[in-house]
Number of protein chains: 2
Amino acid sequence: MPRVSRARQQVAVTADLVILTIRSGELCVLLVERGVPPFAGRLALPGGFLRGGESLEETAARELREETGIAADELHLEQVGTYSAPDRDPRDPRVITCAFLAIAPDLPLPAAGSDARAASWTPVAEARETGLAFDHDAILRDAVRAAGRKLQFTTIATAFCGAEFTIGDLRAVYEAVWEVELDKPNFHRKVTDADGFVIPTGGRRSSANGRPAALYRAGPAESLVPPMMWSRNARS
Amino acid sequence: MPRVSRARQQVAVTADLVILTIRSGELCVLLVERGVPPFAGRLALPGGFLRGGESLEETAARELREETGIAADELHLEQVGTYSAPDRDPRDPRVITCAFLAIAPDLPLPAAGSDARAASWTPVAEARETGLAFDHDAILRDAVRAAGRKLQFTTIATAFCGAEFTIGDLRAVYEAVWEVELDKPNFHRKVTDADGFVIPTGGRRSSANGRPAALYRAGPAESLVPPMMWSRNARS
DNA sequence: CAAATAGTGTCTGTAAGACAGTATGCC
DNA sequence: GGCATACTGTCTTACAGACACTATTTG
């Protein structure tokens with residue numbers, strides 16, 4: 001009896017979402033507590049099954065809306081990878097998943113999910129310690145790496161911020177995702193010099209102490225030239 | 001009657017392979033002629049259905065072996081993306097595919113596929129003109145882009161070459177995938193200076209004309225620092 | 001005033017790109 | 001020698017990173 005049957009196998013497919021944001025300088029991910037087996041009571045990435053007539057992108061967009069109330073066209077949604085180890089989900093029929101990365105500003109809070117599941121922002125460091133259901137630890141790790149790579153070459157960092165933000169806010173994004181400290185003066189110059197990355201609004205924002213920071217909004221550029229390099233420390 | 005049913009849908013899943021190589025300076029992809037509907041007689045990427053007990057990576061490795069005789073651990077195999085548009089495959093049950101990128105040296109020729117399908121290397125430019133079955137045009141485009149990005153930051157270019165190669169061979173890889181011309185002297189210095197990219201074997205190879213080029217083999221480094229940038233022309 | 005954060009100026013090392021010039025093969 | 005290809009040297013410009021310094025706020 002061969003372990004690998006020659007028959008083509010039909011499977012159920014889910015789209016799982018890694019929705020990242022920055023809350024008070026910390027990288028956070030939206031997690032839900034599973035209400036039903038398998039892994040009932042454990043934390044997991046939000047997600048759901050592919051339905052007839054849908055592409056996986058549409059499934060992901062629908063889940064995003066159901067879990068957070070955000071329309072998918074308001075933020076980036078991109079594939080991270082497909083996870084298909086035969087033992088990744090104990091259910092039968094077999095379940096494979098396509099993971100999507102979404103980047104969101106600090107939201108008012110996922111309004112008590114219409115899906116009735118308890119959804120909440122969890123620091124990524126904490127999620128890694130606790131451990132997630134299924135193979136979601138690996139998915140989260142891959143998604144954070146993908147986000148880190150995108151920060152290098154695109155202006156996606158502004159998607160982590162609200163409509164108006166300071167250069168310090170933007171630097172906090174890079175520092176949280178890359179887990180490094182960046183030189184403030186050099187970062188400031190690089191960002192403000194890059195063509196179409198940020199546009200000054202003229203406003204300023206006071207904090208408790210110190211000189212108020214100038215406010216910016218996202219510029220029209222999508223790719224960031226020259227890239228923001230952190231390859232010296234090349235992990236991934 | 002909603003277009004999107006609320007029922008979770010079971011689907012069949014394939015792994016499709018984009019196997020790239022360089023033949024006389026031209027980027028080529030391994031294509032098969034389909035013997036059965038849908039798209040019978042049309043060119044398509046090699047691939048096959050996920051079987052019970054297999055991950056998609058294992059499916060891809062098995063198809064690679066069946067189509068080319070190459071063992072998967074001899075070359076890179078990595079996910080490009082999953083394609084799931086509802087109308088991408090007319091068959092029922094519905095079929096979605098996970099595309100993999102493989103990079104191969106110029107092989108002796110895919111030994112008359114054990115799968116009995118006519119497999120052959122086709123220049124990518126030609127494949128784009130002719131058009132492929134299913135959504136394989138989009139998959140091919142995405143895979144070539146992914147390969148181009150990998151060339152920037154990894155030493156994967158050596159995987160396109162045989163065990164021994166000249167710097168000119170290596171440069172041809174970059175020029176074919178990126179569709180640019182690179183400065184020969186600068187490329188030479190950059191590659192030979194990069195730590196662990198290439199190692200001189202001491203041998204030389206004569207061509208018809210001119211000074212024989214020194215031979216190299218792949219070095220131990222996997223990531224390329226500093227990266228080989230072509231971001232000035234940033235397409236993708 | 002001190003403390004704190006925002007932002008600018010300047011210097012140094014490294015690397016990219018342009019391209020002149022040298023080396024070494026075949027006819 | 002002529003020609004083609006491989007390779008080296010050198011110059012210019014651009015950018016990363018370090019860090020001294022100035023600016024503007026609160027207390």
Side-chain angles (χ1 to χ4, degrees), chain A residues 24-25 151-153 157 161 164-175 178 180-195 197-217 221 223-234, chain B residues 24-25 151-153 155 161 164-175 178 180-216 221 223-234:
Chain A
S24 53
L151 287 186
Q152 286 189 90
F153 302 103
C161 303
E164 289 199 327
F165 50 88
T166 68
I167 302 298
D169 293 341
L170 201 61
R171 187 166 42 78
V173 172
Y174 281 87
E175 294 186 334
W178 287 356
V180 294
E181 265 198 54
L182 299 176
D183 183 88
K184 298 180 198 189
N186 290 335
F187 183 87
H188 188 281
R189 191 191 5 257
K190 171 128 195 177
V191 166
T192 49
D193 286 358
D195 220 54
F197 193 177
V198 296
I199 298 173
T201 64
R204 297 193 153 264
R205 175 193 296 165
S206 291
S207 55
N209 269 8
R211 173 175 172 177
L215 288 171
Y216 294 82
R217 60 184 171 82
S223 72
L224 179 55
V225 284
M228 190 78 69
M229 298 299 280
W230 117 102
S231 48
R232 316 291 174 216
N233 323 352
Chain B
S24 52
L151 288 186
Q152 287 188 88
F153 303 104
T155 58
C161 303
E164 289 200 327
F165 52 87
T166 69
I167 302 297
D169 293 340
L170 201 61
R171 189 166 43 77
V173 172
Y174 281 88
E175 294 186 334
W178 287 356
V180 295
E181 267 196 54
L182 299 175
D183 183 87
K184 298 180 199 190
N186 290 335
F187 182 87
H188 189 281
R189 192 193 3 259
K190 170 128 193 175
V191 165
T192 50
D193 285 0
D195 218 54
F197 193 176
V198 296
I199 297 173
T201 65
R204 298 191 153 266
R205 175 193 296 165
S206 291
S207 55
N209 270 5
R211 171 175 172 178
L215 289 171
Y216 294 81
S223 71
L224 178 57
V225 284
M228 190 80 68
M229 297 302 279
W230 118 101
S231 48
R232 315 292 174 216
N233 324 351

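We name chains A, B, ... by the order of the sequence lines, and we start the count at 1 in each one.
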Can you check the A:Asp195 CG to D:dC15 P distance for me, whole Å? 11 Å
Side chain of A:Pro226 only, please: which of D:dC15, C:dA18, C:dA6 is the nearest? D:dC15
First locate atom OH of B:Tyr216, then atom OG1 of B:Thr201, and finally report the distance between them rounded to the nearest 0.5 Å. 9.0 Å
Rounded to whole angstroms, how far apart are CG on B:Asp169 and P on D:dT5? 14 Å
State whether the number of non-hydrogen atoms from other residues, nucleotides or ligands found under 6.0 Å of A:Asp193 atom CG is greater than 12. yes
Closest listed nucleotide, where the reference is the side chain of A:Asp183 and the choices are D:dC7, C:dA18, D:dC19: D:dC19
By nearest-nucleotide position on DNA chain D, the 5'-leaning member of B:Tyr216 and A:Pro185 is B:Tyr216
Residue-phosphate contact under 4.0 Å: B:His188 side-chain N/O, D:dT8 OP1/OP2: yes
Within the distance-only criterion (no hydrogens, no angle test), does the side chain of B:Thr166 pair as donor or acceptor with the backbone N or O of B:Ala214 below 3.5 angstrom? no
Step-by-step side-chain contact (heavy atoms from CB on, under 4.5 Å) determination, B:Leu182 to B:Val180: CA-CA 6 Å; B:Leu182 299 175; B:Val180 295; 3.9 Å; yes
Choosing from C:dG7, C:dA20, D:dA6, which nucleotide comes nearest the side chain of B:Arg171? D:dA6
Between A:Asp183 and A:Arg171, is the closest basic N to carboxylate O distance under 4.0 Å? no
In whole angstroms, how far is the P atom of D:dA6 from the CZ atom of B:Phe187? 12 Å
Could you state the atom-to-atom distance from CG of A:Leu215 to P of D:dT25 in whole Å? 13 Å
Show the distances under 3.5 angstrom between N or O atoms of the protein and N or O atoms of nucleotides 24-27 of chain C.
from	atom 1	to	atom 2	distance (Å)
C:dT24	O2	B:Arg211	N	3.4

Whole-Å distance separating the CG atom of B:Leu182 from the P atom of C:dG17: 9 Å
What are the atom names and distances for every N/O pair under 3.5 Å that joins the protein to nucleotides 10-14 of chain C?
from	atom 1	to	atom 2	distance (Å)
C:dT10	O4	A:Arg189	NH2	3.4

How many whole angstroms separate atom CG of B:Asp193 from atom C1' of D:dC7? 12 Å
Indicate the ring-plane relationship of B:Tyr174 and B:Phe187, choosing parallel, tilted or perpendicular according to the 30° and 60° boundaries. perpendicular
Got a second to check how far A:Leu215's CG is from A:Arg205's CZ, nearest 0.5 Å? 5.5 Å
Can you tell me how far apart CG (B:Leu170) and CE (B:Met228) are? Round to the nearest 0.5 Å. 7.0 Å
Within the distance-only criterion (no hydrogens, no angle test), does the side chain of A:Arg204 pair as donor or acceptor with the backbone N or O of A:Pro212 below 3.5 angstrom? yes
Choosing from C:dT8, D:dA18, C:dG7, which nucleotide comes nearest the side chain of A:Ile167? C:dG7
